[in-house]
Amino acid sequence: MTIKQLSIFIENKGGTLIKVLDRLSEAGIQIIASTVADTQDYGIYRVICDNPKKAYIILKEEGINLQLTDVYALYVNDEPGAMANTLRELSDSGIAISYIYTFLLNGKGVLVFRTSDMEKTNEVISLKKLNPVIEL
């Protein structure tokens, strides 16, 4: 029920993000969604792409510090309150979420999140009949 996400650690200085984007572009990797969380010295560039394993190998060969992690991606209706309702289902079940980001894909909202309790999250997604994204 999870998808793969790249978590790329980049320095907060000019050109570092462009280097990553150029390498992905040269390899024909399509970015579907991304977000940056930054601190004073570095950022974490989180990426959902069409070929995460290939992207991981290419960036690793460039000496870029990154991880390939499992995250959840759920479809939510593109309407007011849909994301809140989905998050409430998870929260009311005792699931703590580390981070989230969202995007639209083919007219549907997609909620991407990470949690430390994958077994319980899988159970809640099945029990509450939440709509996981199987493949991007």
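Every heavy atom of this structure was used, including side-chain atoms; hydrogens, water molecules and symmetry mates were not.
Between Leu59 and Leu24 the shortest side-chain heavy-atom distance falls below 4.5 Å. No side-chain heavy atom of Val112 sits less than 4.5 Å from a side-chain heavy atom of Tyr72. Two residues are said to be in side-chain contact when any heavy atoms from C-beta on lie closer than 4.5 Å; Val110 and Val76 fail this criterion. Proximity of Tyr75 to Leu130: side-chain heavy atoms (C-beta onward) are nowhere separated by under 4.5 Å. Counting only heavy atoms from C-beta outward, the side chains of Ile95 and Lys120 approach each other to under 4.5 Å. Residues Asn106 and Lys108 are not in side-chain contact: their nearest non-hydrogen atoms beyond the backbone lie 4.5 Å or more apart. Side chains of Leu21 and Ile31 form a contact here, defined as non-hydrogen atoms less than 4.5 Å apart. Residues Ile48 and Val71 form a side-chain contact, since some pair of their non-hydrogen atoms from C-beta on lies under 4.5 Å apart.
Distance alone, capped at 3.5 Å, places no donor-acceptor pair between the Asp78 side chain and the Gly109 backbone. Within the 3.5 Å criterion, the main-chain N or O of Leu68 finds no donor-acceptor partner in the side chain of Lys53. A distance-only check finds no donor-acceptor pair linking the side chain of Ser91 to the backbone of Leu87 [under 3.5 Å].
Atom CG of Leu90 and atom CD1 of Ile125 lie 6.5 Å apart (nearest 0.5 Å). In this structure, OG1 in Thr35 is found 10.0 Å from CD1 in Ile100, a value given to the nearest 0.5 Å. The CD atom of Glu123 lies 10.0 Å from the OG atom of Ser93; values are rounded to the nearest 0.5 Å. Note that CD1 of Ile44 is 8.5 Å distant from CD of Gln67, once rounded to the nearest 0.5 Å. Note that the CG atom of Asn122 and the OG1 atom of Thr2 stand 7.5 Å from one another [nearest 0.5 Å].
A continuous path of ILVMFWY side-chain contacts below 4.5 Å connects Tyr56 to Val47, so both sit in one hydrophobic cluster. Connection of Ile58 to Ile8 is not established within any shared hydrophobic cluster, with ILVMFWY side chains joined at heavy-atom distances below 4.5 Å, either directly or through further cluster members. There is a path of hydrophobic side-chain contacts, each under 4.5 Å, that joins Met118 to Ile97.
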(request) Kindly indicate, with the supporting measurements, whether the criterion side-chain contact (heavy atoms from CB on, under 4.5 Å) is fulfilled by Lys60 and Ile57. (result) CA-CA 5 Å; Lys60 200 64 155 170; Ile57 291 166; 5.8 Å; no
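Between the side chains of Ser34 and Tyr45, a donor-acceptor pair is found at a separation under 3.5 Å.
Taking the six-membered ring where the residue is Trp, Phe9 and Tyr42 present tilted rings, their angle falling between 30° and 60°.
Annotation for Val133 and Ile3: closest pair O-CG2, 3.7 Å, computed over non-hydrogen atoms. When every heavy atom of Pro132 is checked against every heavy atom of Leu74, the shortest pair comes out as CA-CD2, 3.7 Å. Scanning both residues, Arg46 and Ala37, for their nearest heavy atoms gives NH1-CB, 4.1 Å. Across all non-hydrogen atoms, the minimal contact from Cys49 to Ile32 is C-CD1, 3.8 Å. The shortest non-hydrogen separation linking Ala55 to Ile29 is N-CD1, 4.0 Å. Closest approach of Val124 to Glu89, counting heavy atoms only: CG1-O, 4.2 Å.
Heavy-atom neighbours of Glu79 CD from other residues, nucleotides or ligands within 6.0 Å: above the threshold of 12.
A salt bridge links Glu26 with Arg23: the distance from a Lys NZ or Arg NE/NH1/NH2 to an Asp or Glu carboxylate oxygen falls below 4.0 Å.
Counting only residues at least two apart or in different chains, side chain to side chain donor-acceptor pair (under 3.5 Å) contacts with residues 4-13 comprise Lys4-Asp70, Gln5-Ser7, Gln5-Thr69, Gln5-Tyr99, Gln5-Tyr101.
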